[in-house]
Protein chains: 2
Amino acid sequence: MRKTTAEAQPAPSNAPGNVGDVRKANLARVLAVIAGAHSEHRLSRADIATRSKLTKASVSSLVADLLESGLIIEIGVHRDGERGRPSVGLILNPARCVIGMEINVDYISAGLVDLSGKLLTHQIVPRLNRAVNAEQVIDALSELSSQMQQAAEAQDLKILGGGLAVPGLVDEKSYTVLQAPNLGWEAQTLDVRKLLSETKTRFRLFNEANASALAQQQLMEPAERDFLFVSGEVGIGGGLIIDAELFAGPQGHAGELGHVVVQPEGKSCSCGGRGCLETVAGQEAILTAANLGVAARGVSRQQRIERLYQALESGQEPANIAVADAGKSLGVAVASAMRLFNVSTVVFGGHFAALERWLLPATTSSLRTYAPSIAGQAKLRFSPLGQTGALIGAAHSVVGDLLESPHQLVG
Amino acid sequence: MRKTTAEAQPAPSNAPGNVGDVRKANLARVLAVIAGAHSEHRLSRADIATRSKLTKASVSSLVADLLESGLIIEIGVHRDGERGRPSVGLILNPARCVIGMEINVDYISAGLVDLSGKLLTHQIVPRLNRAVNAEQVIDALSELSSQMQQAAEAQDLKILGGGLAVPGLVDEKSYTVLQAPNLGWEAQTLDVRKLLSETKTRFRLFNEANASALAQQQLMEPAERDFLFVSGEVGIGGGLIIDAELFAGPQGHAGELGHVVVQPEGKSCSCGGRGCLETVAGQEAILTAANLGVAARGVSRQQRIERLYQALESGQEPANIAVADAGKSLGVAVASAMRLFNVSTVVFGGHFAALERWLLPATTSSLRTYAPSIAGQAKLRFSPLGQTGALIGAAHSVVGDLLESPHQLVG
DNA sequence: CCATATAGTTCAGGATATAAACTAAATGGT
DNA sequence: ACCATTTAGTTTATATCCTGAACTATATGG
């Protein structure tokens with residue numbers, strides 16, 4: 001459809017603006033309108049023209065390119081009984097997807113996420129990765145990834161990219177996990193080429209909390225679009241979404257709520273510090289305070305957590321006090337974070353979600369004590385995302401990248 | 001030079017991309033190159049073409065527009081003894097400026113800042129604004145502003161906009177000071193039209209700490225371009241600069257370090273909370289702890305602060321302990337903030353700068369205790385900005401806005 | 001006085017968006 | 001059966017803008 005005279009040149013990152021950039025921006029603009037329409041709500045070229053404020057002529061041309069790229073498809077004409085020529089529906093191509101993966105302390109997982117952000121299939125494999133060589137874990141995940149790729153092929157699904165989430169600080173450019181204390185990893189460069197056969201597709205590496213925050217973003221009401229996601233796992237991570245974007249900070253490690261100081265005279269933390277939130281509200285800290293510490297040998301963490309729930313249900317003092325203390329400290333940390341980030345919505349995920357009943361009263365009360373002037377507007381939410389949150393977020397973020405630069409797939 | 005067929009239409013905010021946008025972006029690009037060159041280093045059109053990666057032809061055309069806008073000027077030909085046609089120097093027009101102002105607890109101020117960010121003239125007028133009607137303060141500031149405008153006219157300086165900094169939370173769009181506890185203001189809408197006669201020029205309202213952070217930005221080394229500015233005045237404010245931009249948060253109130261909780265069992269704060277940094281390291285808190293509290297009636301804060309310095313110099317226990325305690329808590333708050341924002345540079349300004357000698361050891365030590373893993377890379381700096389910081393930052397930020405959208409002044 | 005070198009301008013050409021005219025394909029009334 | 005009406009989508013003429021190449025302008029050096 002388009003005549004491409006200027007041949008594919010790698011385009012220097014800080015190239016100046018020329019008319020071609022307008023096309024790139026408008027391709028993304030049209031795609032954003034299509035993606036933004038509520039699922040299953042097919043838009044016509046005319047609808048897109050109205051919503052994007054581009055002319056029908058431009059939209060026709062842009063849509064032609066997007067069809068060629070395979071990112072969208074036409075879904076036949078729509079006779080709605082109205083007068084006039086029927087419209088041709090345009091939707092995101094359901095046969096395109098991105099593979100999301102996660103390495104966590106107790107499991108690895110992988111799944112396929114389509115362009116609308118829907119999880120199509122996934123698989124979670126329990127696996128103790130703590131203190132295991134990173135290469136071995138990657139090999140195991142590679143296995144899982146292959147299965148997913150075969151599943152995709154069987155359904156004629158084309159995989160456009162991949163994302164991996166790990167519970168630690170990462171350096172995306174070098175695919176390196178800088179620190180993952182709960183995995184016992186330090187400065188581990190991951191051979192992500194093993195995870196996706198197609199080498200030219202985009203692959204990204206995320207912190208688990210950031211990935212989960214990105215997944216949570218899909219579930220938020222417009223009024224709560226800016227929020228802090230607090231991931232309570234073995235460690236406590238955080239991911240901040242401001243203005244529909246992840247705020248990652250200069251090195252991409254922003255939002256680390258777990259090491260906010262909540263008790264200046266508190267216990268030593270694994271980070272070397274003292275009185276960090278993690279020392280009170282981390283999974284291990286809660287279990288220990290609830291008398292479910294490592295004393296019980298040969299009992300898995302999952303089993304100990306089950307016992308914690310039982311103890312809470314039956315109203316056993318140590319457990320209830322442990323969680324209330326965690327909630328109070330969570331309130332202190334959240335009060336500070338809300339002030340610093342200027343967000344009013346905080347979403348608790350991971351094991352915090354399951355503790356909502358016992359955690360929320362203490363956290364709310366603590367917030368009222370430490371930040372009464374903002375406690376009124378504060379919205380504390382608990383995430384419905386389970387173990388698939390991180391992989392969905394990682395994949396969806398890559399989807400977002402693709403939808404933002406569709407020109408890469410055009411012509 | 002340019003034929004403007006499409007006449008000035010207000011341009012809808014979310015207008016789609018058309019070829020005209022390329023021009024807007026490239027005007028800004030060229031201007032950024034000129035502004036980015038070290039002061040006094042005159043760039044030729046050819047230099048600009050090289051640095052901007054635009055062609056000489058484009059640059060010539062763009063420069064013509066910028067000359068017409070008055071944002072830049074030619075400064076004659078440059079014979080450097082080399083072969084070839086001599087180049088024509090291009091610099092930011094030194095006859096253009098922005099007026100910056102500040103309302104603080106003890107003074108009001110105004111000054112003229114040129115397009116390169118240099119403070120040309122300024123005036124600081126001591127004035128007790130606490131609990132004074134906002135309108136009266138604006139009237140006084142209006143007086144000062146008029147003097148500045150006359151000074152500008154006398155020097156053939158054209159004022160292109162203005163910025164005002166206040167010690168409190170603001171809502172820029174409505175020019176409202178939402179909260180300024182130290183001024184005793186709440187929900188005060190400022191009649192900023194009184195401050196600048198030209199109504200069509202840009203006028204912005206800033207939080208004092210944010211404005212100071214923007215001023216501090218000009219002084220930072222490239223390696224420390226991301227930083228948190230901590231403004232210690234009567235209250236403690238903060239401003240975060242990430243990626244050369246102010247991170248203001250959803251409502252523009254991010255960075256409020258003063259109400260980070262540093263002592264869960266601490267004193268009540270004016271914000272209604274408890275154990276906020278301000279209750280330990282705020283000016284009043286330090287003075288009180290140093291036995292220089294309000295007991296001494298009829299003594300101005302400035303006098304009490306002088307006495308504090310004397311007490312510190314002569315090694316009086318209560319004063320030294322008070323500042324050491326403040327420094328320790330500052331370390332706690334900064335540890336948390338560094339974790340949350342992922343910044344490694346923190347710049348202390350306001351009265352903290354004068355306390356450097358006594359504050360720094362305690363803060364450094366505290367940071368090592370509470371965040372040893374990042375204390376090594378942490379860079380704690382003290383700002384040389386005095387009372388003019390906020391007004392410079394407010395004005396310079398407006399300059400930045402102008403330089404980012406030069407097309408408004410073209411044609 | 002001319003070769004050389006660098007700065008800056010002019011001009012033809014291609015890409016893009018826009019507006020208006022035009023074609024396509026339905027409904028509904030007579 | 002036929003045509004007016006309505007809406008969807010395409011075609012075409014035009015203007016803007018950047019680019020690359022050719023060209024002009026102005027210096028130095030032999």
Side-chain angles (χ1 to χ4, degrees), chain A residues 1-7 9 11-12 15-30 42-65 67 74 76-90 407 410-411, chain B residues 1-7 9 11-12 15-30 42-65 67 74 76-90 407 410-411:
Chain A
M1 177 57 67
R2 261 176 87 217
K3 289 163 291 180
T4 47
T5 29
E7 263 325 300
Q9 40 207 336
N18 60 19
V19 283
D21 291 341
V22 175
R23 182 117 192 136
K24 288 177 195 169
N26 284 342
L27 282 168
R29 190 185 184 91
V30 166
R42 355 159 327 134
L43 292 175
S44 67
R45 287 169 175 77
D47 293 333
I48 296 170
T50 308
R51 301 198 189 188
S52 68
K53 298 187 182 173
L54 287 157
T55 59
K56 286 194 297 174
S58 303
V59 170
S60 266
S61 160
L62 291 160
V63 161
D65 277 8
L67 284 169
E74 291 187 331
V77 294
H78 181 59
R79 288 180 193 76
D80 55 358
E82 298 285 312
R83 278 194 188 183
R85 175 175 170 176
S87 60
V88 177
L90 295 163
H407 62 277
V410 171
Chain B
M1 177 60 65
R2 263 178 85 214
K3 289 164 293 183
T4 48
T5 29
E7 263 325 300
Q9 40 207 339
N18 61 17
V19 284
D21 291 342
V22 175
R23 183 115 191 137
K24 289 177 195 169
N26 284 341
L27 282 167
R29 190 185 186 92
V30 166
R42 357 159 324 133
L43 292 175
S44 66
R45 288 168 175 77
D47 293 333
I48 296 170
T50 308
R51 300 199 190 190
S52 68
K53 298 187 181 170
L54 287 157
T55 60
K56 285 194 297 175
S58 303
V59 170
S60 265
S61 161
L62 291 160
V63 161
D65 277 6
L67 285 168
E74 290 187 332
V77 293
H78 180 60
R79 285 179 197 76
D80 56 357
E82 299 285 312
R83 279 193 187 183
R85 175 174 170 176
S87 61
V88 179
L90 295 164
H407 62 276
V410 171

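No hydrogens, no waters, no symmetry mates; every other heavy atom, side chains included, goes into these values.
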Between atom CG in A:Leu54 and atom P in D:dT10, what is the gap in whole Å?
-> 15 Å
So, the side chain of B:Arg29 versus the backbone of B:Ser52: is there a donor-acceptor pair under 3.5 Å, distance only?
-> yes
Euclidean distance, A:Leu90 CG relative to A:Leu67 CG, rounded to 0.5 Å = 6.0 Å
Under 3.5 Å between N/O atoms: give me all the protein pairs with nucleotides 5-8 of chain C, atom names plus distance.
residue	atom	partner	partner atom	Å
C:dA5	N3	B:Gly84	N	3.4
C:dT6	O2	B:Arg85	N	2.7
C:dA7	O4'	B:Arg85	O	3.1
C:dA7	N3	B:Arg85	NH1	3.1
C:dG8	OP1	B:Val88	N	2.6
C:dG8	OP2	B:Arg45	N	2.9
C:dG8	OP2	B:Ala46	N	3.0
C:dG8	N7	B:Lys56	NZ	2.5
C:dG8	O6	B:Lys56	NZ	3.0

Give a yes/no on whether any side-chain N or O of B:Asn18 is located under 4.0 angstrom from OP1 or OP2 of D:dT16.
-> no
Starting from P on D:dC17, measure out to NE2 on B:His407 and report it in whole angstrom.
-> 12 Å
Atom NZ of A:Lys53 and atom P of C:dA17 are separated, to the nearest Å, by 17 Å
Between A:Leu43 (CG) and D:dT7 (P), how many Å, whole number?
-> 18 Å
State, to 0.1 Å, how close B:Val59 and B:Ala49 come at their nearest heavy-atom pair, and which atoms those are.
-> CG2-CA, 3.6 Å
Can you tell me how far CZ of A:Arg23 sits from CG of A:Asn26, rounded to the nearest 0.5 angstrom?
-> 8.0 Å
side-chain N/O B:Thr55 vs D:dG20 OP1/OP2, d < 4.0 Å | no
Closest contact, heavy atoms only, B:Arg42 versus B:Ser87 | NH2-O, 3.7 Å
Rounded to the nearest angstrom, tell me the gap between atom CG in B:Asp21 and atom P in D:dC18.
-> 11 Å
From A:Arg51 atom CZ to A:Leu43 atom CG, the distance as rounded to the nearest 0.5 Å | 4.5 Å
Are A:Asn26 and C:dT16 close enough that a side-chain N or O sits under 4.0 Å from OP1 or OP2?
-> no
For D:dT16, does OP1 or OP2 lie under 4.0 Å from any side-chain N or O of B:Arg23?
-> no
Rounded to whole Å, NZ of A:Lys24 lies from P of D:dC18 at a distance of 15 Å
